[in-house]
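Here is the naming used below: chain letters follow the sequence lines, and residue numbers restart at 1 for every chain.
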Number of protein chains: 2
Amino acid sequence: MKGQMVYTGIRVKDMDQSVRFYTETLGMKLRGRAKNKSIQGEWAQLESSDTHQLLELNWYSSKSPLYTPWKRGVEMDHLCFRVDDLDEAVKVLEEAGAKRLGGPYLTPGWKMVDVSDPNGICIELGAPARSRRSRRR
Amino acid sequence: MKGQMVYTGIRVKDMDQSVRFYTETLGMKLRGRAKNKSIQGEWAQLESSDTHQLLELNWYSSKSPLYTPWKRGVEMDHLCFRVDDLDEAVKVLEEAGAKRLGGPYLTPGWKMVDVSDPNGICIELGAPARSRRSRRR
């Protein structure tokens with residue numbers, strides 16, 4: 001199966017503070033930032049100059065279904081991979097030992113399922129969606 | 001200050017298992033893998049097809065100075081940024097509230113210092129070194 005790693009998503013304590021840090025201090029470019037009502041949170045996507053590595057910042061309000069109290073260990077939010085066929089990808093991943101963590105989530109044009117890697121890290125698998133409903137981001 | 005994000009470095013429980021997962025299951029390419037005597041550990045670098053996102057896997061033996069027992073929360077190892085002037089970068093980061101976590105570490109051609117981002121995540125800053133000694137990777 002072929003996957004494409006799209007970005008690394010970290011969780012942040014304070015969105016404004018982290019956006020300032022990664023843009024003004026470390027020179028990344030802000031590609032987009034939006035609140036998401038369905039997850040009661042906010043995301044921002046940053047791109048590094050030259051290397052084009054992508055970093056997503058995720059913030060969850062205390063009302064978000066994804067919220068947990070902040071403590072050492074919540075910073076690694078997820079790694080995002082694009083796949084062509086989501087059902088097939090989930091099947092292949094489960095056969096490789098991955099556990100299903102959540103989803104499917106729908107966003108305009110995309111359908112996502114969260115699975116775990118061998119270390120417990122959340123892998124967000126995303127594939128082009130056939131529906132236009134939006135549930136996550 | 002301009003930084004370039006080079007890769008995301010996660011920590012893994014079992015190097016062989018994680019390399020298999022990210023290459024055979026998720027289709028990334030193994031760009032390099034090496035043991036590092038000075039840190040009593042091993043790293044592997046993976047590249048995603050098409051998107052060229054880079055993921056580094058890090059494994060530390062129980063004798064490594066970077067070793068801690070595995071628990072939820074150690075998976076996010078570090079984000080690596082290249083900078084031109086390491087001393088200036090550390091100064092700018094510290095003025096922005098970052099804390100120095102370790103270093104300098106030397107590797108052939110590179111000098112690195114670890115600092116924290118506003119969320120406590122380790123940012124490895126790397127700049128071209130003037131020395132050829134090797135201490136880390």
Need one label for A:R11: side chain, backbone, both or neither, based on atoms under 4.5 Å from any heavy atom in chain B.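 The answer is the backbone of A:R11.
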Which pair of heavy atoms, one from [X] and one from [Y], lies closest together, and at what distance?
X	Y	value
B:Q53	A:M5	CG-O, 3.1 Å
B:F21	A:S116	CZ-O, 4.1 Å
A:W70	B:N119	CZ2-O, 3.6 Å

Chain A contacts, top residue of B:L54, B:D14, B:V74 (heavy-atom pairs, under 4.5 Å):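 Heavy-atom pairs under 4.5 Å are most numerous for B:L54.
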Let's test your reading of the structure: which of B:E95, B:R82, B:M28 forms the most heavy-atom pairs below 4.5 Å with chain A?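 Heavy-atom pair counts peak at B:M28.
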Residues forming a side-chain contact (heavy atoms from CB on, under 4.5 Å) with A:V90, sequence neighbours excluded: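 Per chain and number, A:V90 pairs via side-chain contact (heavy atoms from CB on, under 4.5 Å) with A:L86, A:E94, A:R100, A:V113, A:L125.
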Who among [options] has the most heavy-atom pairs with chain B under 4.5 Å?
options	result
A:G3, A:G27, A:P118	A:P118
A:V92, A:L46, A:L79	A:L79
A:I10, A:V6, A:L26, A:I123	A:L26
A:L93, A:T8, A:T25	A:T25

Sequence-distant partners of B:D84, side-chain hydrogen bond (donor to acceptor under 3.5 Å, both in side chains), two or more places apart: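 If we apply the side-chain hydrogen bond (donor to acceptor under 3.5 Å, both in side chains) test to B:D84, skipping adjacent residues, there are no hits.
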Please tell me whether A:D117 and B:S18 have a donor and an acceptor in their side chains that are separated by less than 3.5 angstrom.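 No pair is found: no donor N or O on one side chain lies under 3.5 Å from an acceptor on the other.
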Would you say the side-chain atoms of A:Q4 and B:D50 include a donor-acceptor pair closer than 3.5 Å?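 Their side chains do contain a donor-acceptor pair, which is all the 3.5 Å distance test asks for.
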